[in-house]
Amino acid sequence: MTARPLSRRWYAREALVLAPELLNKLLVARDEAGRRRVGRIVEVEAYAGATDPASHAYRGSTARNATMFGPGGHLYVYFTYGMHWCANVVCGPSGTAQAVLIRALEPLAGLDEMRLARGQSATAGPGPAAQSRADRDLCRGPARLAQALAIVGTDDGVDLIRGRIRVLDDGFAPPAHPAQGPRVGISVAAERPWRFWVPDSGWVSASRRRVMPVDSVVATQ
DNA sequence: GGTGTGATCGTA
DNA sequence: ACGATCACACCA
């Protein structure tokens, strides 16, 4: 089956609906050499916009988050901790500033380019046995996958249907029962179980594969 | 496997 | 002042 982009309408749905639907879709970036770096989305987080204190859009539109307030199907890229870029899929009706943070990919193509972009591990020992970064560490984490796909600030606002970076559907269905748990690294609304991942995926950090107790999930939904 | 800490700078 | 984080050191 050939991989095809998704429609603008597909992206116009609520972040909480779209987030699990993005699981198992492909994230594809074309690099300067015309090579494609491809990963399958295995972990995401939903950010609901004005009603979500953890969202960058919670306090309204600014120069930084302007892309979130535009139409769905575009990439919102932000800079954090003074050194990292992270990538989100903007979704929902235009103006609602909803987004889904891409947290991890299973790398499928362009792994050599990804490794080069990520750099050698500082712990790789010297000599012929010096190992380059493990496949597992290429795209596990939002800043790592952005670096692997060379996603930076100039990619903010890119159209995911036609742009340098695209989300494609290759017919691989989302998991029927996605795993669900709390979002990572936030200090407010931390109880909302709005992180979704492919159950048992080895491409998601083991410590993040713990599911939230069912009653607490139900209670906050 | 887990925890703790420093890096580093744009944003509000 | 504080991040939608990461790499590394150290402990188990």
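Lettering of chains follows the sequences in order, A, B, ..., and the numbering in each one begins at 1.
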message: In this structure, which stretches of DNA chain B are paired as stems of three or more consecutive Watson-Crick or G-U pairs, both distances less than 3.5 Å?
response: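 Ordered by first number, the stems with DNA chain B (at least 3 consecutive pairs each) read B:1-7 with C:5-11, B:9-11 with C:1-3.
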Can you find a side chain N or O atom of [X] that sits less than 4.0 Å from OP1 or OP2 on [N]?
X        : N     : value
A/Arg144 : C/dA7 : yes
A/His84  : C/dC6 : no
A/Arg103 : C/dT5 : yes
A/Ser187 : C/dC2 : no

Atom pairs, protein N/O to nucleotides 8-12 of chain B N/O, distance under 3.5 Å:
from	atom 1	to	atom 2	distance (Å)
B/dT8	O2	A/Tyr81	O	2.6
B/dA12	OP1	A/Thr62	OG1	2.5

message: Check the orientation of A/Tyr76 and A/His56. Use parallel for under 30°, tilted for 30 to 60°, and perpendicular for over 60°.
response: perpendicular
task: Please name the residue in the list A/Asp52, A/Val90, A/Val100 that meets the side chain to side chain contact (heavy atoms under 4.5 Å, CB included) test with A/Tyr47.
output: A/Asp52
query: Which one of A/Leu105, A/Ile41, A/Val167, A/Leu108 satisfies the side chain to side chain contact (heavy atoms under 4.5 Å, CB included) criterion with A/Leu26?
result: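 Exactly one candidate clears the test, A/Leu108.
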field: Side-chain ion pair, A/Glu113 and A/Arg37, N-O less than 4.0 Å
entry: no
query: So does A/Tyr58 have more than 12 non-hydrogen atoms from other groups sitting under 6.0 Å from OH?
result: no
- request: Just call it for A/Leu101: base, sugar-phosphate, or nothing, with non-hydrogen atoms closer than 4.0 Å on any strand.
  value: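 The answer is base, as A/Leu101 lies within the cut-off (heavy atoms under 4.0 Å) of a base atom.
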- request: Check every strand shown and say whether A/Ala143 touches a base, only sugar-phosphate, or nothing at a heavy-atom separation below 4.0 Å.
  value: sugar-phosphate
- prompt: Do we count A/Tyr47 as stacking onto C/dA4 if the rule is ring centres under 5.5 Å and planes under 30°?
  reply: yes
- prompt: DNA chain C: A/Asp137 or A/Gly185, which has the more 5' nearest nucleotide?
  reply: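 It is A/Gly185 whose nearest nucleotide is closer to the 5' end.
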- prompt: Considering all heavy atoms of both residues, which atom of A/Ile161 and which atom of A/Pro5 are nearest to each other, and what is their separation?
  reply: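 Looking at all heavy atoms of both residues, the shortest contact is O-CB, 3.8 Å.
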- prompt: With hydrophobic residues grouped by side-chain heavy-atom distances under 4.5 Å, do A/Val28 and A/Met114 end up in a single group?
  reply: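 No; tracing contacts between hydrophobic side chains, which count when under 4.5 Å, never links both residues.
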